[in-house]
Amino acid sequence: MLRTEYPRPQFKRKEWINLNGQWTFDYDDTNTGLKEEWWKKHDFSQTIQVPFAYQSQLSGIHSLTPHEVVWYQRQFKYQFQNNEDLLLHFGAVDYLATIWVDGQLVGSHTGGETSFTFNITPYLTELQNHSLVVRVKDSVKDEEQPRGKQNWVGHSFSIFYTGTTGIWQTVWLEPVSKHRITSLKFHPDIDQGTINITGQLSDSSSDRTVNITISKDNTKLTKISIEPELNDFETTVNLFDHHIFRTMFHNDGWTWTPTHPTLFDCEVDLTEDGLSQDEVKSYFGMRKIHSEEGSIYLNNRPIYQKLVLDQGYWPKGLLTAPDDNDFKRDIEMSKKMGFNGCRMHQKVEDPRFLYWADRLGYLVWGECAAAPAFTNTAISRTIIEWEEIIERDFNHPSIITWVPINESWGVPQIHQDLKQQHYAQTLYHLIHTLDNTRLVSSNDGWEQTITDICGIHNYAQGNANEPEKYKYFVDTLSSWQKLIAQPPGSWSIFAKGYHYTGQPIVLSECGGIAYKKASDDQGWGYTTASSDEDYLKAYTRVIKGIANSRSIVGFCYTQLCDVEQEVNGLLTYDRHFKVDPNKIREINDFFIPAKVLPVDENLID
């Protein structure tokens, strides 16, 4: 059975039951209504390996034929215990999931990228063997549905890839006390050296105590006990405690950075009359991100971001990584090439990826899949998704930027349409309302309204035999005036009525050099190279052009690996380096040393 690791590393309990593995499965091309309870009248004709979508090889089915409605079924064992609830968790199901337990309708969830949970205790029979049925509807051609890089025409093309229908992250059970901890949030303040911890309980009682233990490197730092009056609690701990070497005054101290990703372990125990009711393990990092005078600061120090675009696809698993180590390996390979982070593109990635980013020191720009169309339905679906994203991923120190819109996807008339401009501003303010600790690149690429980062996409470097194109590319990057005045293609950098106000400028998509090492010539990129030497020269041209800019404070190279017909990755689709990674790192570090930050003395106020 694949994907056996604990699926929720930020909120971990000892007891859990993994439901990954073999389920019975079938298509329902008649699009049977929910009330008909299709599974009661039909025999399932196939088996599938959860959590892999039927389109993937690892599912055991590997069919690319679109099916809008699919059904899953399996049995599980559980003996009911007094004063206990059984929670059913889904990491992610694309798109509309409806669940039955022991023949009873439990509920449904809409949204293809975020986690959801049901308390199934009221639906369990007294038997030890229980049935679980899941119906999933994934409308292949519905352009109001957030789908990101999943195609909506029935086949891969251009920058759009194979779709994912159904369960694509871990399914699991969790027996818990009826009196339990339901949430934890960490709010670091490196300026004061404190960590503020807030949480909620399932109910309130005057006889309960919340015990919080914070440790570092297996050494206990402090323990706090709180007697909540209601069903929430809050405490603030001075971690730095006036110790200068814990701050960033001389070095990274106890802060979280890509070079020293210091993490603190946190155990929270809920007791009642001295008896433990619930225990949760989590972790946090002391990290601050802000912008000031055209630069981006990590822990009050300017940081030059060398990011790589990550589509989060695997040849055998599609959106689902075959193994937990695949997340770790992707980050390690990226860092080996000299990158300090990624922009996770049009996908909300598995929490296990974010766990490894936290552990290994890897900056992440978090993004959400876009719906192609602009309608009230698409708006509502996207807003709900963002609320769930931030609730799930708030505690990960690796995430430093949110990207609610990419290249005007889902808002095609935003340049002059006031309604679409208001929607972009709504997402910007909503995200800051839910999370005031991170930056927001509101419409990354062009046609921006209100934004913390001016994200610009530019692939216009040309091939080696096109010197005039390259000269133009370098010139347009040279200053903020030219970056803003020379938009890529036909799009303005800011929407009508908006203008540049001194935000940090990040070249948040660039490069895209196609290097086809295989014998066939299928696939595409923005420019091409035909040998290791040509590829390294082409990569050097891009990075050198960026380094010559006096205004760019970071870049995101397209992309980490090839994906299906798109062969502009630094790695092949099956994760092999195309060229010596040390040479890529040498280029990155030579032209843009870690400690050097371009500064434009003419930056506007």
Side-chain angles (χ1 to χ4, degrees), residues 289-298 301-309 339-343 345 363-365 367 400-408 414-415 424 428 438-461 470 472-489 491-495 497-512 541-558 588 591-605:
I289 189 78
H290 80 283
S291 63
E292 184 178 336
E293 296 183 350
S295 294
I296 296 173
Y297 289 77
L298 176 64
R301 291 179 180 172
I303 183 170
Y304 196 103
Q305 294 179 62
K306 304 178 189 180
L307 309 177
V308 62
L309 198 72
F339 297 98
N340 58 12
C342 76
R343 179 178 165 213
H345 193 35
L363 305 173
V364 176
W365 285 27
E367 198 166 335
I400 63 168
T401 301
W402 295 119
V403 183
I405 302 175
N406 170 71
E407 293 182 347
S408 302
I414 192 173
H415 182 71
Y428 172 87
R438 295 174 171 94
L439 302 178
V440 176
S441 183
S442 64
N443 183 12
D444 203 77
W446 46 70
E447 296 183 321
Q448 296 161 92
T449 55
I450 300 174
T451 186
D452 299 329
I453 295 174
C454 179
I456 298 176
H457 298 178
N458 190 337
Y459 295 99
Q461 70 269 9
Y470 181 69
Y472 180 75
F473 173 74
V474 173
D475 184 59
T476 58
L477 304 184
S478 60
S479 67
W480 70 262
Q481 293 93 338
K482 291 183 177 181
L483 280 159
I484 303 305
Q486 299 292 335
W491 292 281
S492 299
I493 299 303
F494 283 88
Y498 297 85
H499 61 279
Y500 180 61
T501 57
Q503 299 96 329
I505 298 175
V506 176
L507 196 66
S508 47
E509 283 191 33
C510 61
R541 292 169 74 244
V542 173
I543 301 305
K544 186 177 180 180
I546 296 169
N548 284 336
S549 174
R550 296 180 61 85
S551 295
I552 294 173
V553 298
F555 69 87
C556 180
Y557 181 83
T558 302
N588 285 338
F591 288 103
I592 309 174
K595 300 295 183 182
V596 174
L597 186 71
V599 176
D600 189 343
E601 69 275 14
N602 296 315
L603 190 68
I604 65 175
D605 295 331

Decide whether [X] and [Y] meet the rule of one side-chain donor and one side-chain acceptor closer than 3.5 Å.
X: Tyr459; Y: Glu509; answer: yes
X: Ser408; Y: Glu447; answer: yes
X: Gln305; Y: Trp365; answer: yes
X: Gln503; Y: Thr501; answer: yes
X: Asp452; Y: Ser441; answer: no

Notebook entry, point to check: Which word best sums up how the rings of His457 and Trp446 line up, parallel for under 30°, tilted for 30 to 60°, or perpendicular for over 60°?
Noted result: perpendicular

Note to self: Quick check: Tyr297 with His290 (ring centres under 6.0 Å apart)?
What the structure shows: yes

Taking side chain as C-beta onward, heavy atoms only, is [X] less than 4.5 Å from [Y]?
X: Cys454; Y: Gln448; answer: yes
X: Asn588; Y: Phe339; answer: yes
X: Tyr557; Y: Phe555; answer: yes
X: Arg343; Y: Val403; answer: yes
X: Thr558; Y: Val308; answer: no
X: Pro504; Y: Ser291; answer: yes

Check: So which of Ile552, Ile493, Thr476, Asn458 actually passes side-chain contact (heavy atoms from CB on, under 4.5 Å) with Leu483?
Finding: Ile552

Checklist line | Ile546 CD1 to Phe591 CZ distance, which is reported to the nearest 0.5 Å | finding: 11.0 Å

